[in-house]
Amino acid sequence: MNTEIKTDFLVIGSGIAGLCFAIKAAEAGSVAVVTKKERLESSTNYAQGGIAAVTGMDDSFDLHIRDTLTSGAGLCKEDVVRFVISEGPARIDELVRWGVEFTRIKDEDSNSRYDLGREGGHSRRRVLHAKDLTGREIERALAEKAGGLENVRIYENHFGIDLILESTVRKKKGLHAAGNRCLGAYVFDAKSGGVITFRAKYVVLATGGAGKVYLVTTNPDIATGDGIAMAYRAGAKIANMEFIQFHPTCLFHPEAKSFLISEAVRGEGGVLRLRGGAEFMDRYHPLKSLAPRDIVAKAIDTELKRTGDEYVLLDITHRSREFLMSRFPNIYDKCLEFGIDMAKDPIPVVPAAHYICGGVLVNEFGETSIPGLFACGEVSCTGLHGANRLASNSLLEAVVFAHRVFLRAAGLVQGTEHVPIGIDPWDPGPARDSDELVVVTNDWDEIRRCMWNYVGIVRSDKRLERARKRIELICEEIHEYYWNYNVNRDLLELRNIATIASLIVRSAILRKESRGLHYNTDYPRADDEHFLRDTVLQKGNTPYSDS
Ligand code: FAD
Ligand code: SIN
């Protein structure tokens with residue numbers, strides 16, 4: 001079956017970045033949003049702490065900028081930090097106009113204002129939240145708004161496989177390969193099993209992060225780095241993949257699959273303790289349990305290795321049950337499900353892979369190095385986070401960049417026609433249906449364990465080299481397997497996760513220093529002379545650095 005769908009804008013992903021862009025772009029043209037599961041399923045939907053923005057009387061853009069730059073350990077792009085933070089309040093007002101209800105409280109004069117949360121590395125309370133279900137509230141409001149717009153069509157269970165490039169189409173037809181514009185994407189329809197050609201004037205990657213490349217992660221199953229892998233295969237520049245943020249406090253319980261205990265719990269006074277009850281963060285940072293995330297995660301990792309324990313404890317038992325139930329209803333209920341009463345019992349926690357600071361390199365309007373292709377949200381590397389993201393800055397980055405992509409793409413779309421060239425339907429080649437899915441499961445498991453053991457919070461040259469060899473072998477095996485069998489979701493995700501693992505390992509090997517989220521015991525200090533720059537990988541090119 002050869003189906004082709006034409007649209008002005010193709011958006012891949014329906015989290016905060018994809019939906020914010022889609023809602024705006026509907027003013028300028030037709031929008032197709034493809035999303036690989038149901039529309040709500042995204043990292044956005046699980047965000048707890050909230051969205052950082054300057055709204056408090058005691059806060060200022062300069063303070064938020066300073067905190068972001070400090071966290072980023074020298075690699076933030078200062079102009080990007082400035083515009084993201086100063087454009088934040090306007091984007092928050094827009095979310096509220098679209099129906100997002102952030103938690104409000106009454107001040108001493110009975111005026112209603114946002115209840116602002118505090119998280120690690122922030123010098124002020126500035127995190128807007130909807131109790132501890134901020135992401136769910138944002139995703140609900142955006143999906144409702146986008147779903148009601150005539151110009152927006154959302155395709156659920158549609159999986160972006162690969163981007164379509166003008167040069168590839170021309171080459172196949174034996175034509176001169178002029179230009180390298182992105183013309184759309186091949187998309188797998190999981191229900192019918194067919195592959196659809198989506199042809200678009202502009203493509204926006206909003207596929208989120210890649211936490212599933214690690215064995216232990218806070219991320220939902222959709223986070224397999226598909227957008228970064230697709231962009232890399234298409235020849236886009238990919239930056240700073242070595243900077244993986246590990247969240248210090250993921251619930252430790254044999255039956256709890258990746259449940260986060262928000263940093264906001266420490267923001268409200270939660271204290272980290274060893275199993276015996278002793279505090280330990282005072283030995284690592286003056287801000288103790290509320291130190292920046294990289295420091296807390298590394299401290300916990302060190303203590304777990306030193307003591308041989310499987311977890312540490314997060315203790316907020318000094319706060320009242322009423323407060324905990326009202327401020328953290330989701331965490332409170334989830335803990336109770338596992339027999340933990342957080343008003344009486346400290347919560348067992350471990351660090352887990354949480355956020356990827358690197359991604360598809362974009363400019364200040366979300367343009368990638370491929371004409372016609374934009375990226376926003378966690379899939380992109382904008383320069384905001386540098387070597388370590390400040391908590392709750394990612395939802396902020398997503399809304400600001402979705403708006404900026406809209407400004408640029410909507411301006412361009414009026415004068416743009418579809419490139420007048422026929423696109424061949426997806427070519428499955430000699431593929432047949434797989435009867436050995438055990439290969440997929442096995443490779444998935446091996447990649448995630450290898451990344452966890454060798455490319456985790458603490459790295460060394462020896463471990464990275466070991467990981468490189470293994471991942472390379474698996475990539476070869478997948479290449480062989482992938483081309484011999486018909487596509488399905490598991491196989492597509494496996495191919496992407498292997499590419500992501502390889503990009504992370506190669507980037508980590510190139511950075512011979514320790515900075516922010518990248519800690520290598522063979523180079524325990526930052527080396528500003530040689531490494532105050534991005535690590536950039538591009539298919540077919542030798543790695544280089546952008547200063
Ligand atoms: P996502 O929200 O992940 O959306 C990606 C979308 O792309 C999904 O719809 C997915 O199905 C789709 N997709 C992926 N691949 C494909 C494909 N091949 N084809 C089609 N569709 C595809 N950040 C904060 O700022 N504050 C917080 O409090 C916070 N808490 C968090 C808590 C948790 C548990 C997690 C996991 C993350 C948290 N983060 C937080 C990070 C933040 O949630 C994410 O960075 C942000 O939501 C990413 O938004 P996004 O739109 O880029 O991607
Ligand atoms: C959290 O609630 O701890 C997550 C915040 C974030 O990742 O920004």
Side-chain angles (χ1 to χ4, degrees), residues 10-21 33-53 117 119-122 127-130 132-136 138-139 142-143 154-162 185-188 190 198 204-212 217-230 245 247-251 258-267 293 328 330-331 352-357 359 375-380 385 389-399 401-402 489 492-493 496:
L10 170 65
V11 182
I12 310 183
S14 62
I16 187 170
L19 291 179
C20 278
F21 173 80
V33 180
V34 298
T35 189
K36 69 180 179 180
K37 283 194 166 179
E38 299 77 40
R39 66 191 67 191
L40 299 181
E41 194 49 21
S42 57
S43 288
T44 303
N45 203 38
Y46 299 92
Q48 295 184 355
I51 178 164
E119 292 180 30
H122 287 278
V127 183
L128 287 90
H129 61 94
D132 58 353
L133 290 159
T134 312
R136 194 183 296 177
I138 292 176
E139 193 64 22
L142 296 180
I154 303 180
Y155 296 82
E156 295 184 320
N157 299 302
H158 279 63
F159 192 118
I161 306 176
D162 264 325
Y186 290 116
V187 174
F188 174 63
F198 276 83
V204 179
L205 283 176
T207 47
K212 292 296 284 188
T217 176
T218 62
N219 288 191
D221 288 348
I222 54 98
T224 50
D226 300 351
I228 301 174
M230 273 190 257
Q245 185 167 73
H247 197 292
T249 58
C250 186
L251 178 63
S258 62
F259 184 74
L260 181 74
I261 307 293
S262 174
E263 197 153 299
V265 173
R266 279 173 284 137
R293 232 171 241 188
F328 301 113
N330 179 38
I331 296 173
H354 183 61
Y355 185 86
I356 185 156
C357 292
C376 52
E378 194 170 338
V379 67
S380 64
H385 308 309
R389 175 182 68 105
L390 186 66
S392 288
N393 263 0
S394 44
L395 294 174
L396 175 69
E397 179 192 51
V399 287
F401 268 88
R489 257 194 64 157
L492 291 169
E493 287 184 339
N496 291 334

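The structure presented is a predicted model; accordingly, all values stated were derived computationally and were not measured. Below, all heavy atoms of this structure are taken into account, side chains as well, without hydrogens, waters or symmetry copies. All ligand and atom numbering here is 1-based and tracks the order in the structure.
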For a 4.5 angstrom cut-off between non-hydrogen side-chain atoms, does [X] reach [Y]?
{"X": "Val399", "Y": "Ile51", "value": "yes"}
{"X": "Val34", "Y": "Phe198", "value": "yes"}
{"X": "Pro220", "Y": "Glu41", "value": "yes"}
{"X": "Ser258", "Y": "Asn219", "value": "no"}

What verdict does the side-chain hydrogen bond (donor to acceptor under 3.5 Å, both in side chains) test give for Glu397 and His385, after you've listed the backbone C-alpha separation in whole Å, the side-chain angles of each residue and the deciding distance to 0.1 Å? CA-CA 9 Å; Glu397 179 192 51; His385 308 309; 3.0 Å; yes
How many angstroms lie between NE2 in His129 and CZ in Phe328, if you round to the nearest 0.5 Å? 8.0 Å
Between NE2 on residue His354 and CD on residue Gln245, distance to nearest 0.5 Å: 6.0 Å
Identify, with sequence neighbours excluded, every residue that meets side chain to side chain contact (heavy atoms under 4.5 Å, CB included) alongside Thr249. His247, Ile261, Arg266, Leu272, Leu314, Val349
Sorted by first residue and then second, give each salt bridge (Lys or Arg N to Asp or Glu O under 4.0 Å) pair with at least one member in residues 219-229; sequence neighbours left out. Lys36-Asp226, Lys212-Asp221, Asp221-Lys257
Under 4.0 Å from ligand 1, residues with heavy atoms, in chain and number order, are Ile12, Gly13, Ser14, Gly15, Ile16, Ala17, Val34, Thr35, Lys36, Glu41, Ser42, Ser43, Thr44, Tyr46, Ala47, Gln48, Gly49, Gly50, His158, Phe159, Gly160, Ala206, Thr207, Gly208, Thr218, Asn219, Ile222, Asp226, Met230, Leu260, His354, Tyr355, Gly377, Glu378, Arg389, Ser392, Asn393, Ser394, Leu395
Provide, line by line, the atom pairs where ligand 2 and the protein bring an N/O atom each to a distance under 3.5 Å; else say none.
unit_1, atom_1, unit_2, atom_2, d
ligand 2, 2 (O), Gly49, N, 2.9
ligand 2, 2 (O), Ser262, OG, 2.7
ligand 2, 3 (O), His247, NE2, 2.7
ligand 2, 3 (O), Glu263, N, 2.6
ligand 2, 7 (O), Arg293, NH1, 2.9
ligand 2, 7 (O), Arg293, NH2, 3.3
ligand 2, 7 (O), His354, NE2, 2.6
ligand 2, 7 (O), Arg389, NH2, 2.7
ligand 2, 8 (O), Arg389, NH1, 2.8
ligand 2, 8 (O), Arg389, NH2, 3.3
ligand 2, 8 (O), Ser392, N, 2.6

